[in-house]
Amino acid sequence: MSQPLSERIKSLPASATLAMAAKARELKIEGKDIIGLSLGEPDFNTPEFIKEAAIEAIQANYNSYSPVDGYAELKDAICTKFKRDNGLAYTPNQIVVSTGAKQSIANVVQVLINPGDDVLLVAPYWVSYSAMVILAEGNPIEIRSDIKTDFKITPEQLENAITPKTKLVMLNSPNNPSGSMYTKAEYEALAAVLEKHPSIFVLSDEIYEHINYDGVTPFSFAAIPSMYERTVTVNGLAKAFAMTGWRIGYLGGPEWIAKACTKIQGQVTSGTNCIAQRAAITAVLAPVSKIQYMVDEFDFRRKRIIDLLQDIEGFTVNVPKGAFYVFPDISFFFGKKLNGTLIENASDFAMYLLEEANVATVTGDAFGCPNNIRISYAASLEEIEEAIRRIKEAVS
Ligand code: GLU
């Protein structure tokens with residue numbers, strides 16, 4: 001039988017992060033000793049106090065549909081969090097709870113983008129942004145950066161990328177995959193450009209907010225007064241609270257955008273899992289000090305992996321200030337043969353590491369940075385040390 005899939009789905013690339021994780025899983029099942037450093041997933045258990053809140057919700061018979069945009073108590077808690085951590089004044093009618101920050105982002109793209117609209121992706125950008133834009137029939141337009149500028153773009157680059165078709169800019173700090181963080185001054189400089197273009201909206205993905213190092217403070221783009229009315233702030237619990245599988249994300253933004261996102265959820269998911277939402281109330285209101293032990297551990301691993309990578313010829317490493325990834329430039333290897341395998345690009349290199357070193361990473365191509373690979377250090381120290389030892393051996 002023919003398989004007449006829609007043009008829409010045929011044009012959609014598979015998620016490179018999830019594809020690499022699936023491939024690593026498959027090879028493990030086949031008996032290969034794979035170390036998976038491809039997925040951004042904390043190796044911690046969800047903290048006990050959050051698990052207890054979920055168990056209480058089950059016992060209290062939370063089993064019905066929640067409101068499509070989330071429980072009122074959770075939306076109140078999210079408003080408290082935005083005020084406390086970000087200095088952002090949102091009211092509950094500006095909040096929508098979704099099935100992961102990923103759905104929050106996809107919703108915003110769906111409700112804002114018409115076919116043919118340009119969406120500016122500040123590279124490196126998270127792998128699914130471009131796919132979400134393609135799904136909405138918009139044009140993903142990359143603004144490139146590299147390790148020399150600590151993976152940040154300049155206001156001039158932003159200005160040059162803007163056209164009459166530009167509808168949305170997608171920002172992400174702390175950044176996945178580079179770990180770079182835009183300072184308040186750097187964001188203000190980008191905002192000054194956007195002030196001249198009042199019809200452009202901004203999505204600020206702040207999912208790694210709490211995972212930051214060296215005393216660098218995260219800054220919310222919507223906290224710039226001139227940007228508040230046209231910025232949607234996305235966050236969630238997956239990363240800092242070790243709750244990836246619970247699938248709780250949320251957004252705060254203009255009420256008309258929140259309403260439209262609720263409308264789409266009403267037709268697509270009927271809202272988010274009710275038990276996870278009840279537990280999220282406890283998580284969102286918890287003082288950040290309750291999860292600091294995980295951030296401290298990530299920090300320890302970050303320092304270790306940077307030291308180890310700096311010791312490998314051909315790896316140029318930045319010092320990430322947030323998230324749990326390193327994003328080395330490995331273009332040194334392009335055009336060279338490693339154990340008889342010609343490395344032409346970052347995808348070849350990532351595949352070589354998988355096959356030769358049994359270490360799963362992700363090609364930088366997926367993030368708009370073709371000279372790099374992403375290595376997650378949200379894994380145990382033993383795994384990280386062994387993985388880098390194997391990588392060093394495979395490329396020496
Ligand atoms: N955000 C994580 C990552 O970049 C999870 C995987 C995904 O959803 O792409 O690895």
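Each ligand, and each atom within it, is numbered from 1 in the order the structure gives. We number each residue from 1, following the sequence as shown. Computed over heavy atoms, backbone and side chain alike; hydrogens, waters and symmetry mates excluded.
- Ligand-side atoms of ligand 1 in range of L18: 6 (C), 7 (C), range being under 4.0 angstrom from any heavy atom.
- Of the protein's non-hydrogen atoms, the one nearest atom 1 (N) of ligand 1 is K239 NZ, 3.1 Å.
- Note on ligand 1: R374 sits in its first shell, one or more heavy atoms being nearer than 4.0 Å.
- Close placement of the F324 and Y208 rings is indicated, their centers lying within 6.0 Å of each other.
- Only the side chain of N176 comes within 4.0 Å of ligand 1, judged by heavy-atom distances.
- Nearest heavy atom pair, residue N86 against residue S220, reads ND2-OG, 3.1 Å.
- Looking only at protein heavy atoms, the nearest one to atom 9 (O) of ligand 1 is T17 OG1, 2.6 Å.
- Ring-centre distance between Y250 and F82: below the 6.0 Å cut-off.
- Polar contact with ligand 1: absent for S128 (N/O pair, distance under 3.5 Å).
- Residue V127 places no N or O, backbone or side chain, under 3.5 Å from any N or O of ligand 1.
- With a heavy-atom cut-off of 4.0 Å, F367 does not touch ligand 1 at all.
- A ring-centre distance under 6.0 Å is not found for F332 and F349.
- Donor-acceptor pairing under 3.5 Å is lacking for the side chains of N175 and S173.
- Nearest protein heavy-atom neighbour of atom 8 (O) of ligand 1: K102 NZ, 2.8 Å.
- A salt bridge between E386 and R390 is present, with a side-chain N of the basic residue lying under 4.0 Å from a carboxylate O of the acidic one.
- Ring-centre distance between F298 and Y325: not below the 6.0 Å cut-off.
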